[in-house]
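So the structure is just underneath, and the comments pick up after that.
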Amino acid sequence: MAPDRLRALRALLAEAANEMIDPPILQPAEVFLDLAGEDIRRRLFVTTSAAGGELCLRPDFTIPVCLAHRDDGRPDEPVTYGYLGPVFRQRRSGAAEFLQAGVEWVGHDDTPATDAAALSLALRAAATLGLSRPQIRVGDATLFSALVEALPLSPAWQRRLIAWFGEPDRLSGAIAKLAGGQPLSSGKGPAGLSRALAGVEPQEAHRIVADMLGAAGLTVVGGRSADEIADRLRDTATLSAGDGDARAAAAVIERYLEIRAPLTEAGDAVATFAKHEGLDLTTALDAFARRVDAFDAADVPLTDTNFAADFGRRLDYYTGLVFELYDPARPDAAQTIGGGRYDKLLSLLGAPKPVPAVGFSVWLDRFGIETGIAGDWS
């Protein structure tokens, strides 16, 4: 039955997409090392090209699809891409080569509508593969960012907390240090230079570090420019200094992360929380409400969809909605389908301006479909 299910899934995705795409299996490793987050970085299969550059077997489709969109010379044109093919990751269990399928909406301006289209199509894909009523979990990186930015924290602390949303251990450790007035940095590295740069303006710090690198005959270190190194050193000093309202801010964040509610009640739950804490989250909550309305219009079952305030994804480019679908018959199993919004990714890949994008991937081996299936499903 696997070839039949794959043919039906591919037809579903092709109907939704402007084009089906199959990016090269060999991809530039540097992009994934920079952007894909710790979990994927340590699972890559990396090799070296004849010219000495690092390549990797594609570990997913999202970045390769966006690279293809960028290189096609139409970053502003809305395109919907579908795909189905093998990806490669080192895993603790399961084959290192497995099939993924999915759709990416790139360049579409109507954020609520495309978010709803992504989750709605993901549900149809699950039904095509035999999972008619999955458990649905959603999160929102925008709400968390709005919360942190509304608190009386230094910009350095705000950036670090937002960056670690979706990585529970690191985020919990950072909140604990914030509450206790402890330095977030490990204490390693040029601490004296960091403290010295903390007392100068950003442009002057950039000049100092550029001069130091120039004297050593360097322009970049570890892939980072002089400006990036200077900003990181200044951040380390600021993070180590602590903030006067840090303990109260940490407690607010912890209370927010505990919020759980059916999607029909989640907006009111966060609004009540914000009012109680004296925070203005109006803009983020309005966007959240528009998305819920779009989900309803797209026939997403709102009462079966649960919001978790602490649910995020550690990939560095996710910016808003994240969602996962689970098989209720296997409560301890991993997600079968996952997706989300990543409006920062094309800019990080070199596009001249931000490009809205959202998509999802189906983990076909978690539906019992392996790469070595017999039959012509293409």
Side-chain angles (χ1 to χ4, degrees), residues 1-25 27 58-70 72 74 77-89 97-108 110-111 113-134 136 138 294-295 297-301 321-327 334-342 345-346 355-373 375-378:
M1 294 297 294
D4 292 339
R5 285 190 289 161
L6 280 178
R7 278 193 289 270
L9 177 64
R10 193 179 193 283
L12 175 70
L13 303 184
E15 180 183 5
N18 298 125
E19 62 180 87
M20 296 297 289
I21 189 171
D22 186 17
I25 286 178
Q27 293 284 322
R58 68 183 180 207
D60 71 3
F61 275 91
T62 301
I63 288 177
V65 166
C66 288
L67 286 171
H69 183 84
R70 180 203 66 183
D72 203 28
R74 48 179 180 175
E77 180 180 338
V79 184
T80 304
Y81 298 97
Y83 56 83
L84 196 165
V87 295
F88 305 84
R89 294 187 195 183
E97 176 186 353
F98 53 99
L99 290 173
Q100 274 195 348
V103 175
E104 311 291 339
W105 288 258
V106 181
H108 299 265
D110 192 337
T111 295
T114 48
D115 283 354
L119 181 50
S120 177
L121 187 61
L123 290 167
R124 292 173 64 194
T128 299
L129 296 170
L131 181 56
S132 59
R133 193 169 180 178
I136 310 166
V138 300
F295 282 175
D299 295 326
V300 171
L321 167 74
V322 289
F323 65 85
E324 291 178 344
L325 275 56
Y326 293 86
D327 184 348
Q335 64 179 10
T336 57
I337 299 177
R341 174 159 292 278
Y342 48 93
L345 180 54
L346 266 294
V355 178
V358 66
F360 70 87
S361 294
V362 184
W363 298 68
L364 287 162
D365 62 329
R366 295 172 184 172
F367 288 95
I369 300 175
E370 306 294 342
T371 53
I373 62 169
D376 179 14
W377 49 267
S378 60

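All residue numbers refer to positions in the sequence shown, counting from 1. This is a predicted model, so every value here is computed, not measured.
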Do you know the tightest heavy-atom contact between Leu123 and Pro301?
-> CD1-CD, 3.7 Å
For Leu325, does its backbone N or O pair with a side-chain atom of Thr336 as donor and acceptor, under 3.5 Å?
-> yes
Would one find more than 12 heavy atoms of other residues, nucleotides or ligands at under 6.0 Å from atom CZ of Arg70?
-> yes
Using the salt bridge (charged side-chain N to carboxylate O under 4.0 Å, His left out) rule, collect all pairs that involve residues 355-366, keeping only residues at least two apart or in two chains.
-> Arg91-Asp365
Do the ring planes of Phe98 and Trp363 sit parallel (below 30°), tilted (30 to 60°) or perpendicular (above 60°)?
-> parallel
First locate atom CG of Leu321, then atom OG1 of Thr111, and finally report the distance between them rounded to the nearest 0.5 Å.
-> 10.5 Å
Test side-chain contact (heavy atoms from CB on, under 4.5 Å) on Asp327 and Phe367 and set out the steps.
-> CA-CA 9 Å; Asp327 184 348; Phe367 288 95; over 6 Å; no
Closest non-hydrogen atoms of Pro356 and Arg341, given as atom of the first, atom of the second and distance, are CB-NH1, 3.9 Å
Below 4.5 Å, heavy atoms only, C-beta onward: do Val322 and Val138 meet side chain to side chain?
-> no
Heavy-atom check, side chain of Glu77 versus side chain of Asp72, under 4.5 Å = no
Walk me through it: do Val355 and Leu345 pass the test side-chain contact (heavy atoms from CB on, under 4.5 Å)?
-> CA-CA 8 Å; Val355 178; Leu345 180 54; over 6 Å; no
Calculate, to the nearest 0.5 Å, the distance between atoms SG and OH belonging to Cys66 and Tyr342 respectively.
-> 4.0 Å
Taking the side chain as every heavy atom from C-beta outward, state whether Gln100 and Asp60 have any pair of such atoms under 4.5 Å apart.
-> yes
Could you tell me which residues satisfy side chain to side chain contact (heavy atoms under 4.5 Å, CB included) with Pro23, sequence neighbours excluded, listed by chain and number?
-> Ile21, Gln27, Arg58, Phe61, Pro64, Val65
Distance in Å, Phe323 CZ paired with Gln335 CD, rounded so as to fall on 0.5 Å steps | 9.5 Å
Could you tell me the separation between the OG1 atom of Thr128 and the CZ atom of Arg5, rounded to the nearest 0.5 Å?
-> 10.5 Å
How long is the span from the CD1 atom in Ile337 to the OG atom in Ser361, to the nearest 0.5 Å?
-> 9.5 Å
Which heavy atom in Ala298 sits nearest to a heavy atom in Ser120, and how many Å separate them?
-> O-OG, 3.4 Å
Minimum side-chain heavy-atom gap Leu99-Leu6 below 4.5 Å | yes
Contacts of Glu19 meeting side chain to side chain contact (heavy atoms under 4.5 Å, CB included) (sequence neighbours excluded), chain-then-number -> Arg74, Val79, Tyr81
Arg89 versus Glu97: any side-chain heavy-atom pair under 4.5 Å?
-> no
Can you measure from CG (Leu84) to CG (Asp22) and round to the nearest 0.5 angstrom?
-> 9.5 Å
Chi angles and distances behind the side-chain contact (heavy atoms from CB on, under 4.5 Å) call for Leu121, Leu12 = CA-CA 9 Å; Leu121 187 61; Leu12 175 70; 3.9 Å; yes
Before giving the answer on side-chain contact (heavy atoms from CB on, under 4.5 Å), spell out for Leu119 and Ile136 the whole-Å C-alpha distance, their side-chain angles and the decisive distance to 0.1 Å.
-> CA-CA 9 Å; Leu119 181 50; Ile136 310 166; 4.2 Å; yes
Donor-acceptor pair between Tyr83 and Glu104 side chains, under 3.5 angstrom | yes
State, yes or no, whether a side-chain contact exists between Ile369 and Leu9 at a heavy-atom distance under 4.5 Å.
-> no
